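Below is one structure, written out as structure tokens; the observations come after it.
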There are 2 protein chains.
Amino acid sequence: MPVKKRAMTIQDVAKAAGVSVSTVSRVLNGKVDVARDTQERILEVIAKLGYTSNLAARSMRSHRKNLIGLVVPDIMPYSIEILKGVNRAIAESKFDLLVYTTGDAQKNGAVLHEQHYVSLLSNSVTDGVIIVASATAEFIADAPIVAIDPHVINPNYPSVQGMNYHGALEVMEYLFGLGHRRIGFVKGREGNVSAQRRFQGYKDALEKAGIALDETIIIHGDFTQKTTYKNAHSLLASDNRPTAIFAANDQSAIGVYQAAEELGINVPNDLSVVGFDNISEAKYLGLTTVDQFLSEMGYIAVQMLIKFINDEPLDLEIHKMQTKLVVRTSCQRLLQPA
Amino acid sequence: MPVKKRAMTIQDVAKAAGVSVSTVSRVLNGKVDVARDTQERILEVIAKLGYTSNLAARSMRSHRKNLIGLVVPDIMPYSIEILKGVNRAIAESKFDLLVYTTGDAQKNGAVLHEQHYVSLLSNSVTDGVIIVASATAEFIADAPIVAIDPHVINPNYPSVQGMNYHGALEVMEYLFGLGHRRIGFVKGREGNVSAQRRFQGYKDALEKAGIALDETIIIHGDFTQKTTYKNAHSLLASDNRPTAIFAANDQSAIGVYQAAEELGINVPNDLSVVGFDNISEAKYLGLTTVDQFLSEMGYIAVQMLIKFINDEPLDLEIHKMQTKLVVRTSCQRLLQPA
DNA sequence: TCAATTGCCGATAACGTTACCGGCATTGAT
DNA sequence: ATCAATGCCGGTAACGTTATCGGCAATTGA
């Protein structure tokens, strides 16, 4: 029942149209050097045979593939937001999109893996690659690379970055404004530059406000809901519980929600919570968070990459994305200062 | 600043290792016919040079690419659920995944587009293709194809399908059990077989319960939130408003929520709402819906495809997926029958 | 000791496409 | 009328890889 038909080749088309493969190729690539009626005849044959050119063969010979590769660590809300923006920009361009997930990027081989996928795409089948949350500072690639939210200090490729430090300051100011003084923090993944910048903003804001850093209300996390849930549990259950928690990303904030709910702690009445990213779930949860316009980052990255591919100059090697505090219902003014 | 280094080829590796390209190729493909120490030497060189084989060239010559293509119409909650399951199965296999979005599939050229993308992937770069929500009954392809939730009657490829009719019956029984008699319906996209089956279940359940079909409480939709929102508005504002609405998918149900909220109609107190799909947002919204295990469908489709690729027999040409009603808080017992 | 087998490896031909070159007509310029 | 320019098209060589064949040396078997 299931069919495997042999696909047409350019040879089949040429034979059926009574011309050479060169001529068919010219038609396929919109070259001018071909008579009007032969062009039409060839196009007819192509339509009739249902011919589609072989991507692999084309990619190997030619250097224009009209294809952009996207390498994301995993299918998670964060990646999905970016993907939406990327998709939007792709739809407006003449390029198509190929998405590659590297799977479990937390493994040791993460760095190696990224290079592997980038090579796989850039050396062959795509005109350029966008890499999300890259942990590699230097890539070897035949094609241009643009990174979104790179997790290394000085990458050798252009990138779109969020203003993590600034966003964190915004959050802290907001919480201070509500009267909070004992503010806990859920850290992001170890070694992740964005996570470090958010943490730095947290610490600097405390210092500026004259509040001593309290290590006991800092929760270790890795950007996942599960880890935060596990690690937040004991702190929330203790007398030591802060009045507010700033989580390094929304998924961690959801982990805090989960732990709080299990302990009968009401958000926001008993505990204020702020996240980071503004993933689509945040809206439904009423989670106050920092929008770093992930979708927009994807959109801009595609535009940068296309310029790059066309050898046009980039305005900026590093595009800094604005952040914006989105106030919802997960925080409350502290009535009686602790 | 941005770098474009030339990628290594198998020739470079061969030269550096002092062997022929044939030998390098043998090592790359794990052939036995190579001496222990030369193999190690070559592997060292590969690691040192950071060589990755050219996908296009490899695909063209060989017929094993260890790559599976996934063609989805768009980045939307529905696709994302499927993608999660696909990704899980991929992670357990030796295959990698390449995702292709066809973009705006509602356009007229949709059918043509699907064939285009399938050809693009199957003729060349992948070992097999999974197509989601396909509107094409027959594909020409060099590689095996498996469909998820195909929207045509008799496709010439194996598929994983939801039990749409059965799921709709479950919903109706549940609403009847709560005392509802005037139940509205939001239709899915025109011509979509899954949507039609759900609608058929709705109609048959009504008939069996001895309730006449009321066309005035049937809302046209296309599976998107926006369209449903627009079309639901006038019905919900009128005296004619039903006591419950069954939406053909969750996104449509969200559209109903949106319209209701704007009109000050409380869900579930003034209006019960049920969806279909159980996308991740449904949990946060408290939306009662039919879980058709989209993620699981993706998982199974990959397994089917891999069997297919390996020329192993398939147990089933059509894998029917169970459905399960997930009761949340969007429905309420009707106290005073209308 | 000699033939047969085995282990290991290199040379060569494809895969389907496009870039490049060149060649035949036809047209235009002087 | 002659030569150059142009329009149109075919032939050939690459792109980087793997499949296939064949060949040399080393090992085995009788």
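The analysis underlying the following values was restricted to heavy atoms, covering all of them including side chains, and did not include hydrogens, waters or symmetry mates. Residue numbers begin at 1 in each chain, while the letters A, B, ... track the order of the sequences. Everything quoted here is computed from the prediction, not taken from an experiment.
- Considering only the side chain of B:S22, C:dT12 comes nearest among C:dT12, D:dT18, C:dT17.
- Counted within 6.0 Å of CD on B:E190, heavy atoms from surrounding residues, nucleotides or ligands total 12 or fewer; the atom is thus considered open.
- Atom-to-atom, CE of B:M8 to P of D:dT17 comes out at 12 Å; the value is rounded to the nearest Å.
- With sequence neighbours excluded, no residue forms a side-chain hydrogen bond (donor to acceptor under 3.5 Å, both in side chains) with B:K65.
- The list of side-chain hydrogen bond (donor to acceptor under 3.5 Å, both in side chains) pairs with a residue in residues 33-45 of chain A, not counting sequence neighbours, is empty.
- A salt bridge (charged side-chain N to carboxylate O under 4.0 Å, His left out) check over residues 296-310 of chain A, counting only residues at least two apart or in different chains, returns the pairs A:R88-A:E296, A:K307-A:D315.
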Give the C-alpha distance, both sets of side-chain angles, the deciding distance and a yes or no for side-chain hydrogen bond (donor to acceptor under 3.5 Å, both in side chains) between B:N87 and A:T101. CA-CA 8 Å; B:N87 228 29; A:T101 53; 3.1 Å; yes

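- For C:dG16, neither phosphate oxygen OP1 nor OP2 lies less than 4.0 angstrom from any side-chain nitrogen or oxygen of A:Y51.
- In terms of the side-chain hydrogen bond (donor to acceptor under 3.5 Å, both in side chains) criterion, residue partners of B:S20 (sequence neighbours excluded) are, by chain and number, B:T23.
- Contact annotation: the side chain of A:I131 never approaches that of A:I148 to less than 4.5 Å [non-hydrogen atoms, C-beta and beyond].
- Residues that satisfy the side-chain hydrogen bond (donor to acceptor under 3.5 Å, both in side chains) test with A:N29, not counting sequence neighbours, are A:S25.
- Rounded to an integer number of Å, the gap from CD1 of A:I10 to P of D:dT12 is 17 Å.
- Rounding to whole angstrom units, NZ of residue B:K31 and C1' of C:dT6 are separated by 18 Å.
- Taking 4.0 angstrom as the limit, A:N54 places none of its side-chain polar atoms (N or O) nearer than this to OP1 or OP2 of C:dT17.
- B:F293 has its side chain out of reach of B:E81: every pair of non-hydrogen atoms, C-beta onward, lies at least 4.5 Å apart.
- Whole-Å rounding puts the A:N29 CG to C:dG16 P distance at 17 Å.
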Polar atom pairs (N or O), protein with nucleotides 13-15 of chain C, under 3.5 Å:
{"from": "C:dA14", "atom 1": "N3", "to": "B:R61", "atom 2": "NE", "distance (Å)": "2.6"}

Under 3.5 Å, which N/O atoms of the protein pair with N/O atoms of nucleotides 26-28 of chain C?
none

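- In this view, A:S295 satisfies the side-chain hydrogen bond (donor to acceptor under 3.5 Å, both in side chains) rule with no residue, not counting sequence neighbours.
- Between the CG atom of B:D127 and the P atom of D:dT18 there is a distance of 14 Å, rounded to whole Å.
- Proximity of B:S93 to B:I306: side-chain heavy atoms (C-beta onward) are separated by under 4.5 Å at one or more points.
- Axis orientation changes by 40° from one end of the helix from C:dT1-D:dA30 to C:dT30-D:dA1 to the other, with each end axis drawn from 5 pairs and the value rounded to 10°.
- Listed by first and then second residue, the side-chain hydrogen bond (donor to acceptor under 3.5 Å, both in side chains) pairs that reach into residues 45-60 of chain A are A:T52-B:S119, A:S53-A:R58, sequence neighbours excluded.
- Pairs of residues two or more places apart, or lying in two chains, that qualify as ring-ring contact (aromatic ring centres under 6.0 Å, His included) and include a residue from residues 80-100 of chain B are B:Y100-B:Y117.
- Counting any heavy atom pair closer than 4.0 Å across all strands shown, B:S59 reaches no nucleic acid atom.
- Comparing C:dT17, D:dT17, C:dA19 against the side chain of A:R58 picks out C:dT17 as the nearest.
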Using nucleotides 7-9 of chain D, report all nitrogen or oxygen pairs with the protein that are shorter than 3.5 Å.
{"from": "D:dC9", "atom 1": "OP1", "to": "A:T38", "atom 2": "OG1", "distance (Å)": "3.3"}
{"from": "D:dC9", "atom 1": "OP2", "to": "A:A35", "atom 2": "N", "distance (Å)": "2.7"}
{"from": "D:dC9", "atom 1": "OP2", "to": "A:T38", "atom 2": "OG1", "distance (Å)": "3.1"}

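- Computed from coordinates, the B:Q11 CD to C:dG10 C1' distance equals 13 Å when rounded to whole Å.
- Computed from coordinates, the B:L28 CG to D:dT17 P distance equals 8 Å when rounded to whole Å.
- Here the side chain of A:S159 pairs no donor or acceptor atom with the backbone of A:I318 at under 3.5 angstrom.
- Contact annotation for A:K65: no contact, since no heavy-atom pair falls under 4.0 Å across all strands.
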